[in-house]
2 protein chains.
Amino acid sequence: MLKEERKKELKNQIFLKSIELFKEYGYENVTVEKIASSCGIAKGTFFNYFPKKEHVLLYLGNSQDDLLQDIAQKYQHLKIKQQLLNIFKELISVYLNNSDLFKLTISETIRSAFKNESTNINIFEETLTDLIENAKKNNTINTHFASGTISSVLVGIYFNTLVNWSVNNEKNESIITIFEKQFEVVWEGIE
Amino acid sequence: MLKEERKKELKNQIFLKSIELFKEYGYENVTVEKIASSCGIAKGTFFNYFPKKEHVLLYLGNSQDDLLQDIAQKYQHLKIKQQLLNIFKELISVYLNNSDLFKLTISETIRSAFKNESTNINIFEETLTDLIENAKKNNTINTHFASGTISSVLVGIYFNTLVNWSVNNEKNESIITIFEKQFEVVWEGIE
DNA sequence: ACGATAAAATGACCACAGTCATAAATTGAC
DNA sequence: GTCAATTTATGACTGTGGTCATTTTATCGT
């Protein structure tokens with residue numbers, strides 16, 4: 001059915017235009033009305049594609065999950081620790097390229113997780129879980145902890161790093177450094 | 001000056017009434033107008049005390065920081081690992097008593113951290129940092145990692161546990177169990 | 001090609017957070 | 001006690017997110 005195709009295209013157009021406007025003017029300064037008119041549609045139509053304005057951000061979050069898949073692929077040949085570190089470093093650098101927008105995206109992702117409105121974080125964790133599970137099968141990791149738990153911990157420090165950095169970016173310690181330190185603690189254990 | 005005293009009292013009254021209403025009807029279903037009239041003030045007055053509706057939640061978050069101080073006191077005599085575990089367990093149980101409200105509070109706390117509008121999380125981390133620093137001084141902990149980094153990691157998995165639990169509470173694994181598992185990973189190290 | 005049915009678009013409308021010019025109350029100096 | 005200055009309270013007003021009854025467009029069987 002062609003209809004489905006057109007719907008997807010329009011949704012994508014709304015998404016791209018929204019992000020473009022958010023980047024230029026800031027999320028709060030872009031009204032849904034403005035997005036709609038930029039796409040040549042009426043305001044009500046926007047809500048046929050995204051139930052709330054912030055769902056555009058969640059959609060962006062989803063695309064990050066796809067990105068994660070690609071990145072993970074890229075470092076497959078490395079040992080698990082380096083693989084994980086590189087993945088996170090790359091995610092962070094993407095984050096840095098548009099930190100204003102991603103701050104909001106991550107805020108919304110977390111918020112929607114609390115509201116059970118999105119499975120974004122779940123997918124993130126599952127991807128990492130698979131990665132670790134594979135490493136276990138190939139005996140390239142030696143741990144007695146469940147892959148899912150490890151994955152949770154890593155995601156936890158990842159998000160925490162982003163928050164930390166936002167708060168403390170006066171002391172201009174690089175965000176990568178902050179992450180690496182936390183990663184090292186988790187890898188080695190506190191004591 | 002008495003004025004200051006009265007201002008604090010009114011702010012506190014607004015705060016308490018707000019929380020009461022939020023608990024009864026849910027945050028979204030309580031209008032600022034409703035809060036104001038319940039306090040016998042005009043809507044505009046509310047905004048003289050809290051710049052945004054959500055700042056009531058941040059204020060609640062602050063009171064959690066005070067609570068943390070008290071709890072920390074209580075477990076002073078224990079070894080650092082048990083001390084930390086007990087602190088987090090107790091925080092989690094407070095969370096469970098009003099999870100709907102605290103979900104929003106934590107969402108807003110994280111969001112405000114991203115916006116640099118609040119130092120809530122910082123205070124949380126600093127308190128834990130002090131705790132760990134003390135343990136180092138007393139040689140009751142043996143680690144070569146910086147106290148601040150350890151504290152960050154712990155806060156990270158704490159928040160992450162709360163998020164995880166919200167998402168996965170169909171599989172009714174207890175939130176305490178989820179936290180303990182993650183804590184164990186961090187304490188022992190992944191491999 | 002026509003009519004019936006379903007899907008999608010529309011924009012007037014509403015609710016509510018937050019603003020702001022004005023009014024009331026409080027303070028302190030004399 | 002009076003007045004000026006400052007602080008606090010007020011509620012009409014505004015802007016925007018989101019809704020919904022209505023209209024327009026697409027689909028499909030005949």
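Reminder, nothing fancy here: chain letters follow the sequence lines and each chain counts from 1.
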Quiz prompt | Residue B:Lys115 excluded, over 12 heavy atoms near NZ under 6.0 Å | solution = yes
Self-check item: Selected nucleotide, minimal atom distance to B:Lys52 side chain, candidates C:dG18, C:dG11, D:dG17
Solution: C:dG18
Quiz item: Does a donor on one side chain and an acceptor on the other come within less than 3.5 Å for B:Ser147 and B:Glu133?
Solution: yes
Self-check item: Separation of atom NE2 in B:His55 from atom P in C:dA17, rounded to whole Å
Solution: 15 Å
Quiz item: Counting side-chain heavy atoms from CB outward, which of C:dG18, C:dT10, D:dT10 is closest to A:Ala42?
Solution: C:dT10
Quiz item: Does a donor on one side chain sit under 3.5 Å from an acceptor on the other, for B:Glu125 and A:Asn164?
Solution: yes
Practice problem: With DNA chain D as reference, determine whether A:Glu54 or B:Phe46 sits nearer its 5' end, using the nearest nucleotide of each. | Solution: B:Phe46
Exercise. Return the value, rounded to whole Å, for the distance between atom NZ of A:Lys53 and atom P of D:dG18.
Key: 8 Å
Quiz item: Looking only at side-chain N and O atoms, does A:Lys7 come under 4.0 Å of OP1 or OP2 in C:dA8?
Solution: yes
Quiz prompt | Short side-chain N/O contact to C:dA25 OP1/OP2 from B:Arg6, under 4.0 Å | solution = no
Self-check item: Euclidean distance, atom CD1 of residue B:Ile41 to atom P of D:dG11 [Å, nearest integer]
Solution: 11 Å
Quiz prompt | Test item: side-chain donor near acceptor, B:Gln182 and B:Tyr158, under 3.5 Å | solution = no
Practice problem: Would you please confirm or rule out a distance under 4.0 Å between OP1 or OP2 of D:dT8 and any side-chain N or O of B:Tyr49? | Solution: no
Practice problem: Tell me whether the OP1 or OP2 atom of C:dT10 has a side-chain N or O from A:Lys43 closer than 4.0 Å. | Solution: no
Quiz item: Is A:Arg111 salt-bridged to A:Glu117, going by a charged N under 4.0 Å from an acidic O?
Solution: no
Practice problem: Using atom NZ of B:Lys34 as one end and atom C1' of C:dA17 as the other, report the distance to the nearest whole Å. | Solution: 17 Å
Practice problem: Report the distance from atom CD of A:Glu28 to atom P of C:dA17, rounded to the nearest whole Å. | Solution: 15 Å
Quiz prompt | d(CG, B:Asn29; C1', C:dA17) in whole Å | solution = 15 Å
Quiz item: Reckon B:Thr45 has a side-chain N or O less than 4.0 Å from the OP1 or OP2 of D:dT10?
Solution: yes
Self-check item: B:Asn48, nearest nucleotide to its side chain (from D:dG17, D:dA9, C:dT10)
Solution: D:dA9
Quiz prompt | Gap between atoms CG and P, on B:Leu10 and D:dA9 respectively (whole Å) | solution = 6 Å
Quiz item: D:dC13 C1' sits how many Å from B:Glu33 CD, rounded?
Solution: 13 Å
